[in-house]
**Student:** 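This is the structure I have questions about; it appears just below.
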Amino acid sequence: MSEQPSRRQAKKQKKFKPKARTPRGLRDMAGDELRLQNHMIATIAQVYESYGFGELDTSAFEYADALGKFLPDDDRPNEGVFSLEDDDGQWMSLRYDLTAPLARYVAEHYDRLPKPLRRFQFGPVWRNEKPGPGRYRQFMQIDADTVGAANQAADAEICMMAADCMEALGLERGDYVVRINNRKIMDGLLIAIGLDPEAEEYETTRLTILRAMDKFDRLGLDAVKALLGEGRKDESGDFTKGAHLTPAQIDKVAQMVSIEANDRSHALDAMAELVGGTEIGQQGLAELRDMAELFTTLGYGEDRLAIDPSIVRGLGYYTGPVYEIELTFEARDETGELARFGSVGGGGRYDDLVKRFKGIEIPATGISIGVSRLAAALTLLGKAGAAEPADLIVVTVMDKETRPELMALVRDLRQQGLRAELYMGDSAMKAQLRYADARGARFVVIEGEDERAAGEVTIKDLQLGKEKSAEINDNAEWRASEHAQQQVPKGDLASKLIELTS
RNA sequence: GCAGCCUUAGCUCAGUUGGUUAGAGCGCUAGAUUGUGGAUCUAGAGGUCCUCCGUUCAAUCCGGAGAGGCUGUACCA
């Protein structure tokens, strides 16, 4: 280093203040938003519990090999996951969903668990990918799974429970729909159009086709056709390569995604024609028919549970029925933009997941609901009715020597069932009022010299005062006004507050 | 991941043809108006001008690289 540090160096040495900010794609949650999230979790958990599911909590970290990766064509292995190396050299990763930890848990404790196992779990999951508006790298999921049941009653039950959850949260019938498909039908379709499952490039082609079908909802039929053929160029000029199917093959796949989903039996018939006589396709159809029959028997209509051949639901590990919960209403957000919410959760049957650990096939089916997006939707719908906490009472401190007595006063208020706190700062009266206002307090209790001499306290109603102040422009008038307050004998404070609160 | 645009105070933004001490509004903190949230007045705090490297006597400004943000797209277990 030179004798005379440059200005840049001098500047650099001056301060080393860290910048206070949340990491990219992560966020803090407080107040109404947090209360809503807790309320939603409690509501959904109650539905899950009423179906007999029992709660499980697992660690945020899992060994990386236990989480595994499920996309065979993934050209970026191990991306999307937060990982770190433990001091024993083993790699651990933050869970990216709650299903992989469940598979590990089942495999680890298989012998002592009741089968079928019905467990629900909620908690944050982490994904190391590009965040976007309303899309974070940590978010809350709440899952329910049945492990060890191979029949379609287990799948059907989960779909019906998903519908029940939406209504428990206050959504009206028609504001949501659970769309259901079956992986086996799609595999049957691919065989029916002449693809060879033994061919080397089959997996890649299959994924490309499934991805294309998945986009039907968002991009429409023409885009799907382009993606099935040569590929598609989007508005930014970016090119997505296609599946290179023949026009005849494209036509069949297009027919499949275009099937109207309004009527379950018609949808099933139309699907049956397209999968032809393929064994796997027939199997998938039979499974869907079983489910549809249960829906009808139990009175779950087409408006709540629909068969939809364009549902693909991820690509990794699903082996049978797949389903997605979709919000069907539109609403305007703060900026007046039309917001569509689309999928808020989904799931399906994954019969191979535990096999990775145990070597034996253990059938499983389950659902995952994303709490954050649902919360945003409920807020815009005005259905975010999480219970408000009780009215807050802030007791101000006029003379610091009286603090012990005032603490006893707020303790007495609390013992009477009121929500009360003593101002814990050291600032003057005005700041204490501002504090109460910022906290959203309903009442302020003041005991100054005058009151103490009279054995009284002043109760100030901040809500009332705010309404009054709207009509006052002049400062003198403001000062002369009563400030929406009253004086009561100190002994009557609790009962008076209870009276005012109710 | 790819493409385009962007980055100066907590927020919204000025500004410097490269030159001593970088500004406004709002917000925040405190004081005044008898001991009361609004209004008014006064004062104050708050800045690595995104980061690093280079060019220069001198860089917030010019050049290069990188990071972060926004939008679209891809991926989404």
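Note on naming: letters A, B, ... go to the chains in the order of the sequence lines (proteins, then strands), and numbering restarts at 1 for each one. Nothing here was measured: the structure is a model prediction, and the numbers come from that model.
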**Student:** C1' atom, B:rC49 versus B:rA3: distance in rounded Å?
**Tutor:** 28 Å

**Student:** Under the criterion side chain to side chain contact (heavy atoms under 4.5 Å, CB included), which of A:Leu378, A:Ile369, A:Ile142 is the partner of A:Met40?
**Tutor:** A:Leu378

**Student:** Expressed as a whole number of Å, how far does the P atom of B:rU7 sit from that of B:rU12?
**Tutor:** 12 Å

**Student:** Which listed nucleotide (B:rA30, B:rA77, B:rG38) is nearest to the side chain of A:Ser427?
**Tutor:** B:rA30

**Student:** Nearest whole angstrom, please: distance from the P of B:rG35 to the CD1 of A:Ile459.
**Tutor:** 23 Å

**Student:** Rounded to whole Å, please give me the gap between CG in A:Leu433 and P in B:rG31.
**Tutor:** 13 Å

**Student:** Atom CZ of A:Arg434 and atom C1' of B:rG27: how far apart are they, to the nearest Å?
**Tutor:** 12 Å

**Student:** What's the gap between B:rA77 and B:rC61 when it is taken at their C1' atoms, as a whole Å value?
**Tutor:** 47 Å

**Student:** Are there more than 12 heavy atoms of other residues, nucleotides or ligands under 6.0 Å from atom CE of A:Met92?
**Tutor:** yes

**Student:** Can you list the steps and then say if A:Glu449 with A:Arg452 is a salt bridge (Lys or Arg N to Asp or Glu O under 4.0 Å)?
**Tutor:** CA-CA 5 Å; A:Glu449 234 178 301; A:Arg452 204 156 47 248; 5.9 Å; no

**Student:** Roughly how many Å apart are B:rG1 and B:rG46, using the P atom of each and rounding to a whole number?
**Tutor:** 38 Å

**Student:** How far does the C1' atom of B:rU42 sit from the matching atom of B:rG47, given to the nearest Å?
**Tutor:** 24 Å

**Student:** Where the side chain of A:Lys430 is concerned, which of B:rU33, B:rC75, B:rA77 is the nearest nucleotide?
**Tutor:** B:rU33

**Student:** Is it true that A:Asp426 and A:Arg403 make a salt bridge, defined as a side-chain N closer than 4.0 Å to a carboxylate O?
**Tutor:** yes

**Student:** Anything below 3.5 Å on both distances counts as a pair; with that, list the stems of at least three consecutive Watson-Crick or G-U pairs involving RNA chain B.
**Tutor:** B:1-7 with B:67-73, B:10-13 with B:23-26, B:28-32 with B:40-44, B:50-54 with B:62-66

**Student:** Taking atom C1' in both B:rA58 and B:rG19, compute the distance separating them and give it to the nearest angstrom.
**Tutor:** 7 Å

**Student:** From B:rG37, B:rC75, B:rA77, pick the nucleotide closest to the side chain of A:Arg211?
**Tutor:** B:rC75

**Student:** Heavy atoms, side chains only, cut-off 4.5 Å: are A:Glu157 and A:Arg118 in contact?
**Tutor:** yes

**Student:** Whole angstrom is fine here: how far is it from CG in A:Asp426 over to P in B:rG31?
**Tutor:** 12 Å

**Student:** Which word best sums up how the rings of A:Tyr350 and A:Tyr318 line up, parallel for under 30°, tilted for 30 to 60°, or perpendicular for over 60°?
**Tutor:** perpendicular

**Student:** Under 4.0 Å between a side-chain nitrogen and a carboxylate oxygen: does that hold for A:Glu421 and A:Arg439?
**Tutor:** yes

**Student:** What nucleotide among B:rU36, B:rC75, B:rU29 has an atom nearest to a side-chain atom of A:Arg135?
**Tutor:** B:rC75

**Student:** Expressed in angstrom and rounded to an integer, what is the separation of A:Asp214 atom CG from B:rA74 atom P?
**Tutor:** 11 Å

**Student:** Check each residue of residues 446-457 of chain A for a non-hydrogen atom within less than 4.0 Å of any atom in RNA chain B, then write out the ones that pass by number, or none.
**Tutor:** A:Ile446, A:Gly448, A:Glu449, A:Asp450, A:Glu451

**Student:** Is any side-chain nitrogen or oxygen of A:Lys460 closer than 4.0 Å to OP1 or OP2 of B:rU36?
**Tutor:** no

**Student:** Does A:Glu361 have any side chain to side chain donor-acceptor pair (under 3.5 Å) partners at least two apart in sequence or in another chain, and if so, which?
**Tutor:** none

**Student:** Scan for salt bridge (charged side-chain N to carboxylate O under 4.0 Å, His left out) pairs involving residues 121-134 of chain A, sequence neighbours excluded, and state none if there are none.
**Tutor:** A:Glu129-A:Arg135

**Student:** Starting at atom CG of A:Asn128, determine the distance to atom P of B:rC76, rounded to an integer number of angstrom.
**Tutor:** 16 Å

**Student:** On RNA chain B, check which nucleotide each of A:Pro23 and A:Arg127 is closest to and give me the residue with the more 5' one.
**Tutor:** A:Pro23

**Student:** Among all residues two or more places apart in sequence or in another chain, which pass the side chain to side chain donor-acceptor pair (under 3.5 Å) test with A:Arg104?
**Tutor:** A:Glu62, A:Glu108

**Student:** With sequence neighbours excluded, what pairs up with A:Arg419 under the side chain to side chain donor-acceptor pair (under 3.5 Å) test?
**Tutor:** none

**Student:** Which comes earlier along RNA chain B counting from the 5' end, the contact point of A:Thr99 or that of A:Lys130, where each point is its nearest nucleotide?
**Tutor:** A:Lys130

**Student:** Could you give the OH-to-C1' distance, from A:Tyr435 to B:rG37, as a whole number of Å?
**Tutor:** 14 Å

**Student:** How close or far is atom P of B:rU36 from atom CD of A:Gln432, stated in whole angstroms?
**Tutor:** 11 Å

**Student:** Quick check for you: among B:rA77, B:rA74, B:rG31, whose closest atom lies nearest to any side-chain atom of A:Ala428?
**Tutor:** B:rG31

**Student:** Would you indicate, yes or no, if B:rA77 has its OP1 or OP2 atom less than 4.0 angstrom from a side-chain nitrogen or oxygen of A:Arg95?
**Tutor:** no

**Student:** In whole Å, what separates the C1' atom of B:rG25 from that of B:rC6?
**Tutor:** 23 Å

**Student:** Looking only at atom C1', what distance separates B:rU73 and B:rG27, rounded to whole Å?
**Tutor:** 38 Å

